[in-house]
Amino acid sequence: MLKFIILIPSFNEERSLIKILKKIRNFKVQIIDDCSEDNTFKILQKFKSIMIHRNKKNIGYEQSLKKGFDLIRNRKFDYIITMDADGEHSIENLKKIIKFCRKNNPDLVIGNRHRKNRYLELILSYLFKLKFNVLDPLSGFKAYKIDKLNFVLKRNKIRNFFLVDLLVNFIDHKMHVK
């Protein structure tokens with residue numbers, strides 16, 4: 001049976017994060033608190049079943065995800081599912097992505113948002129659709145197969161990457177991206 005862990009980077013998302021955590025109680029969860037200035041860290045400590053890492057300084061969304069990858073990827077999980085802390089991703093879709101991974105064993109699954117918040121996201125999504133048949137490269141809702149993630153990170157020595165760079169590396173290495 002495949003083992004999943006949910007990775008959620010968070011910065012000042014106390015309200016939405018509480019709602020998310022109440023819905024995903026039965027999952028293993030790692031939160032990366034990026035030096036929130038609200039009560040996020042204090043509230044997180046009330047949830048005994050989750051793992052919390054608080055950054056020493058604010059490093060941003062993508063570097064917080066990378067920190068989470070580093071904390072998780074050598075542990076005994078098969079997939080890391082990334083979710084945003086703003087509540088944009090539904091728990092039903094979380095169940096769907098897990099079911100899809102169990103059935104198809106992909107290397108990377110990218111969730112699609114119903115709406116993009118910025119014009120740049122629309123443009124980049126259009127370009128990725130044309131070149132790679134990927135609808136939403138900037139989606140924060142992804143499932144990474146950990147052994148493939150380790151391969152890409154070690155092989156390419158990616159240090160200061162954008163998440164689209166990681167996605168392109170999966171594609172360049174002919175991995176199963178859905």
Side-chain angles (χ1 to χ4, degrees), residues 4-75 77 79-95 97-98 108-125 128 134-144 146 149-150 152-153 158-170:
F4 297 83
I5 185 166
I6 300 168
L7 171 59
I8 304 174
S10 178
F11 177 72
N12 292 343
E13 296 282 0
E14 66 182 279
R15 287 192 176 100
S16 58
L17 199 51
I18 292 169
K19 292 176 188 174
I20 293 168
L21 292 174
K22 286 180 180 178
K23 292 178 184 176
I24 60 174
R25 289 177 191 241
N26 297 329
F27 295 94
K28 296 282 185 194
V29 179
Q30 172 76 60
I31 304 285
I32 307 297
D33 178 35
D34 197 20
C35 287
S36 294
E37 297 163 349
D38 62 3
N39 290 317
T40 298
F41 187 67
K42 191 176 188 180
I43 289 168
L44 288 175
Q45 292 176 319
K46 294 178 184 176
F47 289 86
K48 302 295 182 204
S49 62
I50 64 170
M51 295 166 277
I52 308 162
H53 174 83
R54 183 172 170 89
N55 294 335
K56 292 179 180 162
K57 65 178 187 170
N58 184 280
I59 60 174
Y61 177 82
E62 290 180 332
Q63 292 302 315
S64 290
L65 274 178
K66 187 173 182 302
K67 173 75 76 174
F69 291 156
D70 291 342
L71 291 170
I72 295 169
R73 63 193 183 108
N74 293 321
R75 296 174 53 207
F77 293 101
Y79 282 92
I80 297 173
I81 298 175
T82 59
M83 291 179 68
D84 293 342
D86 61 5
E88 183 175 50
H89 314 296
S90 77
I91 303 311
E92 286 307 310
N93 285 335
L94 175 62
K95 292 175 185 175
I97 206 168
I98 290 171
L108 174 61
V109 179
I110 305 164
N112 296 318
R113 295 171 290 172
H114 295 290
R115 71 179 191 1
K116 313 291 188 291
N117 297 321
R118 296 170 200 89
Y119 287 115
L120 182 58
E121 291 176 346
L122 290 168
I123 294 166
L124 196 58
S125 293
F128 265 74
V134 172
L135 299 176
D136 193 359
L138 297 177
S139 173
F141 189 48
K142 294 182 174 96
Y144 296 89
I146 291 179
L149 178 65
N150 283 336
V152 168
L153 291 175
I158 301 172
R159 295 187 191 263
N160 295 317
F161 62 85
F162 290 104
L163 293 175
V164 291
D165 296 328
L166 190 57
L167 167 58
V168 170
N169 273 278
F170 269 78

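- Using a 4.5 Å heavy-atom threshold, the side chains of E14 and F41 count as separate.
- Rounded to the nearest 0.5 Å, atoms CD (E88) and OG (S16) are 11.0 Å apart.
- F141 is listed as a side-chain neighbour of I81, based on a closest heavy-atom distance under 4.5 Å.
- I43 pairs with exactly one of D38, D33, I18 by the side chain to side chain contact (heavy atoms under 4.5 Å, CB included) rule, that one being I18.
- For the pair L94/F27, a side-chain contact is recorded, criterion being any heavy-atom separation below 4.5 Å from C-beta on.
- Within the 4.5 Å cutoff, no side-chain heavy atoms of K28 are placed close to those of R75.
- Listed by chain and residue number, nothing satisfies the salt bridge (Lys or Arg N to Asp or Glu O under 4.0 Å) test with D86 (two or more places apart in sequence, or in another chain).
- Between atom CD of residue Q45 and atom CD1 of residue I52 there is a gap of 5.5 Å, rounded to the nearest 0.5 Å.
- Judged by distance alone, the side chain of T82 and the main-chain N or O of G140 form a donor-acceptor pair under 3.5 Å.
- Residues D34 and S64 approach most closely at CG-OG, 3.4 Å, considering heavy atoms.
- The two atoms that bring I5 and M51 nearest to each other are CD1-CE, 3.4 Å, heavy atoms only.
- No donor-acceptor pair closer than 3.5 Å links the side chain of S139 to the backbone N or O of R113.
- Counting heavy atoms from C-beta on, the side chains of L153 and N169 never come closer than 4.5 Å.
- With values rounded to the nearest 0.5 angstrom, I6 atom CD1 is found 6.0 Å from I8 atom CD1.
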Check step by step if side chain to side chain contact (heavy atoms under 4.5 Å, CB included) holds for F128 and D136.
CA-CA 8 Å; F128 265 74; D136 193 359; over 6 Å; no
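- The two residues S125 and L135 come nearest to each other via the heavy atoms CB-O, 3.2 Å.
- Contact annotation: the side chain of L21 approaches that of I31 to within less than 4.5 Å [non-hydrogen atoms, C-beta and beyond].
- The two residues F77 and I146 come nearest to each other via the heavy atoms O-CD1, 3.3 Å.
- N58 contributes no side-chain N or O that, together with a main-chain N or O of C35, makes up a donor-acceptor pair within less than 3.5 Å.
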Going through the checks in order, is the side chain to side chain contact (heavy atoms under 4.5 Å, CB included) test met by N93 and I97?
CA-CA 6 Å; N93 285 335; I97 206 168; over 6 Å; no
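- In terms of heavy atoms, D84 sits closest to H89 at N-CD2, 3.2 Å.
- When every heavy atom of Y144 is checked against every heavy atom of F69, the shortest pair comes out as CE1-CZ, 3.7 Å.
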Evaluate side chain to side chain contact (heavy atoms under 4.5 Å, CB included) for L149 paired with L166, printing each intermediate quantity in order.
CA-CA 9 Å; L149 178 65; L166 190 57; 3.9 Å; yes
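- Counting non-hydrogen atoms of other residues, nucleotides and ligands closer than 6.0 Å to CZ of R15 gives a total of 12 or fewer.
- The distance from the CD1 atom of I32 to the CG atom of N55 is 6.5 Å, given to the nearest 0.5 Å.
- With K142 contributing its side chain and P137 its backbone, the two residues share a donor-acceptor pair below 3.5 Å.
- Interatomic distance, L138 CG to L122 CG, rounded to the nearest 0.5 Å: 10.0 Å.
- If you take CD on Q63 and CG on D70, they are separated by 9.5 Å, rounding to the nearest 0.5 Å.
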